[in-house]
Amino acid sequence: MNPHARGFFLASGTAPALGADAASTREHSGVRAIGPVSVSVRERTLHPVGPQLEVVLGDIVTESVDAIVNAANPSLLGGGGVDGAVHRAAGPQLLAACRELGGCAFGDAKATRGFNLPARYVIHTVGPVWQGGRAGEARLLANCYRRCLEVADEIGAATIAFPAISTGAYGYPANDATHIAVGTVRGTLSSVQSVRFVCFDAAVHACYEREITT
Ligand code: AR6
């Protein structure tokens, strides 16, 4: 049967030339007809597992996503950088909500509502302080991204925006941090559909652009 006559599409997303022979199309490695267009099929062999990734330059507090991630400290009671911006934009109720959480360990993550932010939730995570790279910093940073995605699943957040955790006051080299951020998000199974990496400066943005296209 000619799949195109029945409104079939190719899982690779590549439209065949009109009139292409269906049998020869099936013979192309990695390309096969998988069903009518009205049916949504997730083909693991053809669609990489994981959310859609985007890199943007901007201020994370303006992001209209289900959850933004805050690069916090273990007290969860505010600070500078992203943390300061998030608390200012969310308003004083955020601090009150954070007090209820009783702090957060390095590499862990906890959620609050977003209050005055466009984002519905804030996922607070605590990245490692850079100490030269031999104090388990890479593992802790990967844990942050993994835990944020787990928490996003728990609260039903399908769209999420991350800052470049630990690359500011905590001193993590941006190149290495970016590699861990993108690699961990790509390698973590979750229900999150869209991840935006929001960079505040051009140098970090360039790192992400490079990383995401490799
Ligand atoms: N939106 C997006 N990214 C931002 C923003 C913003 N509004 N502001 C800064 N960045 P940092 P850390 C970038 O220092 O290194 C706080 O005091 C920034 O350019 O916010 O994890 C906490 O309370 C950098 O690339 O977080 C902790 O004590 C990245 O976000 C400590 O800083 C992270 O910078 C956490 O340090």
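All figures in this text were calculated on a predicted structure; none of them were measured in a lab. Both counts, for ligands and for their atoms, begin at 1 and track the order of listing.
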Check whether any side-chain heavy atom of V56 lies under 4.5 Å from a side-chain heavy atom of E63, and answer yes or no. yes
Would a distance-only check, ignoring hydrogens and angles, find a side-chain to backbone donor-acceptor pair under 3.5 Å from T188 to V185? no
Counting only heavy atoms, which portion of A71 has something under 4.0 Å from ligand 1: side chain, backbone, both, or neither? both
Numbered atoms and elements of ligand 1 in range of D83, under 4.0 angstrom, heavy atoms: 22 (C), 23 (O)
Distance col, row K110:NZ vs C148:SG, nearest 0.5 angstrom, shows 13.0 Å
The closest protein heavy-atom partner of atom 18 (C) of ligand 1 is F200 CB, 4.3 Å
Provide the closest heavy-atom pair for L117 versus V61 in the form atom of the first, atom of the second, distance. CD2-O, 3.7 Å
Tell me which protein heavy atom sits closest to atom 32 (O) of ligand 1, plus the residue, atom name and distance to 0.1 Å. A169 CB, 3.6 Å
List every atom of ligand 1 that sits less than 4.0 Å from any heavy atom of A85, numbering the atoms from 1 in the order shown and giving each element. 7 (N)
Measuring from atom CG of N70 to atom CD1 of I165, what distance do you get when rounded to the nearest 0.5 angstrom? 9.5 Å
May I ask you to identify the nearest protein heavy atom to atom 33 (C) of ligand 1, giving residue, atom name and distance to one decimal place in Å? A164 O, 3.3 Å
Distance to 0.1 Å, residue and atom name: give those for the protein heavy atom nearest to atom 1 (N) of ligand 1. I60 N, 3.0 Å
Can you pull out the closest protein heavy atom to atom 17 (O) of ligand 1? Residue, atom name and distance to 0.1 Å, please. G80 N, 2.7 Å
Is the backbone of P128 close enough, under 3.5 Å, to the side chain of S166 for a donor and an acceptor to pair up by distance? yes
Donor-acceptor pair, S190 side chain versus E150 backbone, under 3.5 Å? no
Near G81, which atoms of ligand 1 are under 4.0 Å from a heavy atom of that residue? 8 (N), 20 (O)
For R120, look at atom CZ and say whether over 12 heavy atoms of other residues, nucleotides or ligands are found less than 6.0 Å away. no
Protein heavy atom at shortest distance from atom 30 (O) of ligand 1: V82 CG2, 3.2 Å
Look at atom 25 (O) of ligand 1 and say which protein heavy atom is nearest, naming residue and atom and giving the distance to 0.1 Å. T167 OG1, 2.7 Å
Does A174 have a heavy atom less than 4.0 Å from any atom of ligand 1? no
For atom 27 (C) of ligand 1, the option (of W130, F162, Y170) bearing the nearest heavy atom: Y170
If we set the cut-off at 4.0 Å for heavy atoms, which region of D201 has an atom near ligand 1: side chain, backbone, both, or neither? side chain
Those atoms of ligand 1 less than 4.0 Å from some heavy atom in G58: 1 (N), 2 (C)
Say whether, by atom type as modelled, one donor and one acceptor occur between the side chain of E209 and the main chain of H205 under 3.5 angstrom. no
Are the aromatic rings of W130 and Y170 close, with centres under 6.0 Å apart? no
Residue-ligand contact S166/ligand 1, heavy atom below 4.0 Å: yes
Could you check atom 15 (O) of ligand 1 against the protein and tell me its nearest heavy-atom contact, residue, atom and distance included? G168 N, 2.8 Å
Test item: T125 side-chain N/O and D108 main-chain N/O as donor-acceptor pair under 3.5 Å: yes
